[in-house]
2 protein chains.
Amino acid sequence: MKQASEQLSTAPKETVREDDRVCVDLRIVLLTVANGQLLVAVLPGAERWQLPRGIPFAGVPLDSAARSLIRESTELHEQYLEQLYTLSVRDADRWIIVVSYLALIATDGGLPEPMANWQPADTVSLSEADTKVLEYAIVRLRAKLGYTTIAYHLMPESFTLSELQASYESVVGLSLDKRNFRRRVIASGMLESLPEKRRDGSHRPAQLYRFRADHDPAAFLTPSWAGDA
Amino acid sequence: MKQASEQLSTAPKETVREDDRVCVDLRIVLLTVANGQLLVAVLPGAERWQLPRGIPFAGVPLDSAARSLIRESTELHEQYLEQLYTLSVRDADRWIIVVSYLALIATDGGLPEPMANWQPADTVSLSEADTKVLEYAIVRLRAKLGYTTIAYHLMPESFTLSELQASYESVVGLSLDKRNFRRRVIASGMLESLPEKRRDGSHRPAQLYRFRADHDPAAFLTPSWAGDA
DNA sequence: CCAAAAGTGTTCTCGATACACCCATGT
DNA sequence: ACATGGGTGTATCGAGAACACTTTTGG
């Protein structure tokens, strides 16, 4: 019932009975940005929405379990998956262990096929535990946006700098200075400009960019967004 | 066997059999600093040392389980406990889920009673999984040292600035500039000076400090230590 | 008077911020 | 010609890093 070697020496005082074993529950915060809103994938629950969830099988690594959970919620493959945190929450009369993941999906303008429902991340109504997990996911995403190239996973193949800035703004919830934003994002070296421009309305066409194939996903951009409106 | 409500709606395709349930194993990285070395608490294992570990019981929150594990390794109460990461590792023919914690204990000069063994963190020989966990713990501790007052949990009640600097240096593994270090740590406002000084040898006595009772544990110090020797 | 650690200030560089106007296009 | 979003440059400020000498004590 337990695997051998290592953990016998300091095993807890009593033997583990079968139903003393803890329950592990995976929860996925699957985010995307569309029309200037940060959206989260949710499924209908008893009374409220709930995050996509599931119980991992033994014999399967956690990340794979998370990935297959996502494949049940959307037909698009996620672009990015990162473990968030493991918390224990009271559920009925037991404590269950919730392992939470952050996943990102790029939009190509429209929404990814929603087998799940997409709800605005700032207003969706979830259980207490799910709300905590969602909030933490947003904190992490905001932080990483500042010093990594994680935005890559939220953008389509090519985009204008204004579109990139709009995505940043929907995630951080602030408006940023156009000139400073461009300087930073260009200076970071994570982008390359494409030969084409996009004509889009009765105004000057916009240069298109994409993320460089070799962009370092851990590359530092610059760590602070403070100070703007 | 499973608790009701929430997770039925997206339950995995097949029903969960009893022994499909995953095993969860807690591991604690318990660190301290003594005589200029970063030490980790370990227990004798089959061939190598191993991190204190144990299986959490259902019905007990994870953090409590971690705390009681620590109480089995040392008589001192830990000063600080923080969850690190949850990873799945292959063990025999199953994947087990390892939830890792970072704990800190202050030294008062000598070592805390070692029911566990204290080994230098940079040379101790552990299993592959334990090594990964230890390395990650050190990365986290180093990072947090830069922008939080986490050092508090490694220091005795009162100390000199040189002692504090020495602790920082043993953790980050770099030597720091004395003047810059002092300026930063003073400017951060996390310390207060005591009326006493410590006479210590044939040289000028050193001012004693302690952490302010109301120091904000999340207070920013300053995020980088680069550039020194 | 010598050894040993404590303590102290200034200069420089660089990244972050604030801020306002001209450009290309469609109607 | 005008409305619309695209695109650009400069001045200021503050944080971090580099760097060397004086002070106080005990022996």
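Computed over heavy atoms, backbone and side chain alike; hydrogens, waters and symmetry mates excluded. Proteins get letters first, then strands, A, B, ... in listed order; numbering begins at 1 in each. Nothing here was measured: the structure is a model prediction, and the numbers come from that model.
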Integer-rounded Å distance: D:dG6 P and A:F159 CZ
14 Å

Check: A:S73/A:R53 side-chain N/O donor and acceptor closer than 3.5 Å:
no

For the residue pair B:Y209 and B:I186, what are the closest heavy atoms and their distance?
CE2-CD1, 4.0 Å

Quick one: pull up CG in A:L31 and CD1 in A:I28 and give me the separation to the nearest 0.5 Å.
11.0 Å

Let me have a per-nucleotide readout for nucleotides 19-27 of chain D, 5' to 3', with B, S or -, counting only protein heavy atoms under 4.0 Å.
BB--BBBB-

Rounded to the nearest Å, what distance is computed from the CG atom of residue B:L161 to the P atom of nucleotide C:dA5?
16 Å

When rounded to whole Å, the CD to P distance for the pair B:Q207 and C:dA5 reads 19 Å

Could you state the interatomic distance from OH (A:Y85) to OG1 (B:T86), rounded to the nearest 0.5 Å?
8.5 Å

May I ask you to say what A:T160 touches in the nucleic acid, namely base, sugar-phosphate or nothing, with a heavy-atom cut-off under 4.0 Å?
nothing

Check whether any side-chain heavy atom of A:V40 sits under 4.5 Å from a side-chain heavy atom of A:T32, and report yes or no.
no

Is there a donor in the side chain of A:R182 and an acceptor in the side chain of A:S162, or the other way round, less than 3.5 Å apart?
yes

Starting at atom CZ of B:F181, determine the distance to atom C1' of D:dA15, rounded to an integer number of angstrom.
17 Å

Within this structure, what is the CZ-to-P distance between A:R182 and C:dA20, rounded to whole angstrom?
18 Å

Rounded to the nearest angstrom, tell me the gap between atom CG in A:D200 and atom P in C:dG26.
11 Å

